[in-house]
Undergrad: 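First the structure, then my questions, so here it is.
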Amino acid sequence: MNYSYQSSYNQQPQYQHPQQQQRSQHQPQTSVSSSTRLSQALADLITIGCLKGLRYVRSNLRGREECILLIGKDLPSSHTQFDGGLTDPELAALPPSAMAYLLAVYARYQRPFAWLRSSPSAAHHTLSSNPDHPLSLPITENWIDAPETRLADVLSFLITQSLSPATTEAAGAINPWSVDLAYFDTLSTNQERIVRISAMLLFLQNVLPRAHPKVMPSILQDVEALQKRLTQAYKMLL
């Protein structure tokens, strides 16, 4: 699996996939289905960027088309904020197992791409150091030919590969949507708890049908725990 690394945070990656070059020559107008899918991917990006409480992910939107992701075990608290892009000191402070990515949905390319933002760790020896290209991921390379693929599937792939890079059959080995239940218990107000839990429940409801069968029981356990917390938070408002 070929990845690429880019150290700059202030410039939008200038990259045009060969398929996009060919499509732009023969299809100057975007089809309705492509426009709808692009709108859905951008909406999904906002959802992912605003979501709080996943165990293995910290996310932060950087504009309408970009989201910075931290993926790994032993991540900083979900309450921790990082400014738009990650600075070199922030990258240096990350746990050794953590990986930082830029997940982007650029309208001009009609598809999502992911760039590695942190230096490849020893566990990720397959990472290349080409600074100009996004990660070569099967799930993004096949995006145009797989209309059923959603942006959450791309995130799931990144989580699984980041946590189990040496596992050839990593799917199902780790629940990428594992919830940090303690985060919701530490929220300062019931109003915020209701909003955050409701957002997470809606997200899990959308990804559950697409999840690997092995992780579905774990997702359902988190859903049940969140529903109990949501009911309790509503009762405390009465």
Side-chain angles (χ1 to χ4, degrees), residues 1-4 12-49 51 54 56-57 59 61 64-69 71 99 101-116 124 126-128 130 132-165 167-178 202-216 218-219:
M1 180 169 55
N2 295 322
Y3 291 77
S4 62
Q12 176 175 310
Q14 297 299 314
Y15 173 78
Q16 188 165 15
H17 192 276
Q19 290 183 6
Q20 180 66 23
Q21 293 175 349
Q22 184 177 8
R23 285 167 62 88
S24 62
Q25 293 174 0
H26 300 287
Q27 293 181 308
Q29 294 183 347
T30 304
S31 65
V32 174
S33 60
S34 297
S35 298
T36 301
R37 196 170 183 213
L38 174 64
S39 297
Q40 182 64 69
L42 288 169
D44 289 346
L45 186 73
I46 293 174
T47 297
I48 291 171
L51 194 68
L54 288 175
Y56 302 125
V57 182
S59 60
L61 283 174
R64 180 174 177 265
E65 298 179 318
E66 298 180 345
C67 180
I68 295 292
L69 300 171
I71 298 177
M99 304 296 290
Y101 300 93
L102 168 65
L103 180 62
V105 180
Y106 298 127
R108 62 183 296 186
Y109 301 137
Q110 298 289 311
R111 61 192 296 165
F113 289 103
W115 279 261
L116 181 66
H124 296 74
T126 58
L127 300 176
S128 70
N130 190 325
D132 300 320
H133 287 220
L135 307 182
S136 179
L137 307 175
I139 195 165
T140 53
E141 292 293 316
N142 298 326
W143 178 268
I144 294 176
D145 297 324
E148 72 283 356
T149 303
R150 295 283 295 272
L151 199 64
D153 300 322
V154 178
L155 177 56
S156 176
F157 184 90
L158 288 174
I159 296 170
T160 301
Q161 294 300 312
S162 297
L163 298 181
S164 305
T167 303
T168 56
E169 296 182 0
I174 289 179
N175 175 15
W177 310 126
S178 179
L202 180 59
F203 179 80
L204 294 178
Q205 175 184 333
N206 290 331
V207 300
L208 180 60
R210 318 172 64 80
H212 193 283
K214 290 183 179 179
V215 306
M216 283 186 175
S218 177
I219 295 175

Undergrad: Would you give the length of the straight line joining atom CE of Met99 to atom CG of Leu163, rounded to the nearest 0.5 angstrom?
TA: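 CG of Leu163 is found 10.5 Å from CE of Met99.
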Undergrad: Taking atom CZ of Arg64 as the centre, report whether more than 12 heavy atoms of other residues, nucleotides or ligands fall under 6.0 Å from it.
TA: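 It does not: Arg64 CZ has 12 such atoms or fewer within range.
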Undergrad: Could you tell me if the side chain of Ser39 sits less than 4.5 Å from the side chain of Thr36, heavy atoms only?
TA: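 With C-beta onward as the side chain, the pair stays apart.
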Undergrad: Is there side-chain contact between Val105 and Leu38, with at least one heavy-atom pair below 4.5 Å?
TA: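 Touching, per the 4.5 Å side-chain cut-off.
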Undergrad: Please confirm whether the backbone N or O of Ser136 pairs with a side-chain atom of Thr140, one donor and one acceptor, at under 3.5 Å?
TA: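 Judged by distance alone, no pair lies under 3.5 Å.
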Undergrad: Does the side-chain contact (heavy atoms from CB on, under 4.5 Å) test come out yes or no for Leu103 and Phe113, once each step is laid out?
TA: CA-CA 6 Å; Leu103 180 62; Phe113 289 103; over 6 Å; no
Undergrad: Would you sort out whether Ile68 and Tyr101 count as a side-chain contact (heavy atoms from CB on, under 4.5 Å), showing the intermediate values?
TA: CA-CA 6 Å; Ile68 295 292; Tyr101 300 93; over 6 Å; no
Undergrad: Looking only at non-hydrogen atoms, find the nearest pair between Leu102 and Tyr106 and report the distance.
TA: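 Nearest heavy atoms, Leu102 then Tyr106: CD2-OH, 4.0 Å.
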Undergrad: What pair of heavy atoms forms the shortest contact from Arg150 to Gln40, and how long is it?
TA: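 Nearest pair, atom of Arg150 first, then Gln40: NH2-NE2, 3.0 Å.
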Undergrad: Which value, rounded to the nearest 0.5 Å, describes the distance between His212 atom NE2 and Ile219 atom CD1?
TA: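 If I round to the nearest 0.5 Å, the distance is 11.5 Å.
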Undergrad: For a side-chain contact (heavy atoms from CB on, under 4.5 Å) check, start with the C-alpha distance between Leu69 and Ile48, then their side-chain angles and the critical distance, and finish with the verdict.
TA: CA-CA 9 Å; Leu69 300 171; Ile48 291 171; 4.2 Å; yes
Undergrad: Distance alone, cut at 3.5 Å: any donor-acceptor contact between the side chains of Tyr56 and Ser162?
TA: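 Short answer, no.
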Undergrad: Under 3.5 Å, side chain of Ser156 to main-chain N/O of Ala152, donor-acceptor pair present?
TA: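 No; judged by distance alone, with no hydrogens or angles, the pair does not exist.
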Undergrad: State, yes or no, whether a side-chain contact exists between Leu135 and Leu158 at a heavy-atom distance under 4.5 Å.
TA: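 A side-chain contact exists here, since the closest heavy-atom pair is under 4.5 Å.
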Undergrad: Could you tell me which non-hydrogen atom of Cys67 sits nearest to which non-hydrogen atom of Ser59, and how far apart they are?
TA: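 That would be SG-CB, 4.0 Å.
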Undergrad: Between atom NZ of Lys214 and atom CG of Asn175, what is the distance when rounded to the nearest 0.5 Å?
TA: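 Answer rounded to 0.5 Å: 13.0 Å.
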Undergrad: Does the side-chain contact (heavy atoms from CB on, under 4.5 Å) test come out yes or no for Glu66 and Leu61, once each step is laid out?
TA: CA-CA 6 Å; Glu66 298 180 345; Leu61 283 174; over 6 Å; no
Undergrad: Does any part of the side chain of Leu155, heavy atoms only, come nearer than 4.5 Å to the side chain of Asp44, both counted from C-beta?
TA: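 When only atoms from C-beta onward are counted, Leu155 and Asp44 do not touch, as no gap falls below 4.5 Å.
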Undergrad: Using atom types as modelled and distance alone, determine if a side-chain donor or acceptor of Arg37 lies under 3.5 Å from a backbone N or O of Gln110.
TA: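 Such a contact is absent between Arg37 side chain and Gln110 backbone.
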Undergrad: Looking at every heavy atom in both Glu148 and Asp153, which two are closest together, and how far apart are they?
TA: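 In this case the closest contact between Glu148 and Asp153 is O-OD2, 4.1 Å.
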Undergrad: Measuring only between side-chain heavy atoms, which start at C-beta, is Val207 closer than 4.5 Å to Phe203?
TA: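 Touching, per the 4.5 Å side-chain cut-off.
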Undergrad: Work out which heavy atom in Phe157 is nearest to a heavy atom in Leu137; give both atom names and the distance.
TA: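 In terms of heavy atoms, the two residues are closest at CE2-CD2, 3.7 Å.
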Undergrad: Between atom CD1 of Ile174 and atom CD of Gln161, what is the distance when rounded to the nearest 0.5 Å?
TA: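 Answer for the CD1-CD pair, Ile174 versus Gln161, is 10.0 Å.
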Undergrad: Check Ala41 against Trp143 and note the closest heavy-atom contact, atom names and distance.
TA: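 In terms of heavy atoms, the two residues are closest at CB-CZ2, 4.3 Å.
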Undergrad: Distance-only, no hydrogens or angles: does the Asn142 side chain make a donor-acceptor pair with backbone N or O of Pro138 under 3.5 Å?
TA: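 Yes.
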Undergrad: Can you find a heavy atom in the side chain of Trp177 that is under 4.5 Å from one in the side chain of Ile159?
TA: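 In short, these two side chains touch, coming nearer than 4.5 Å.
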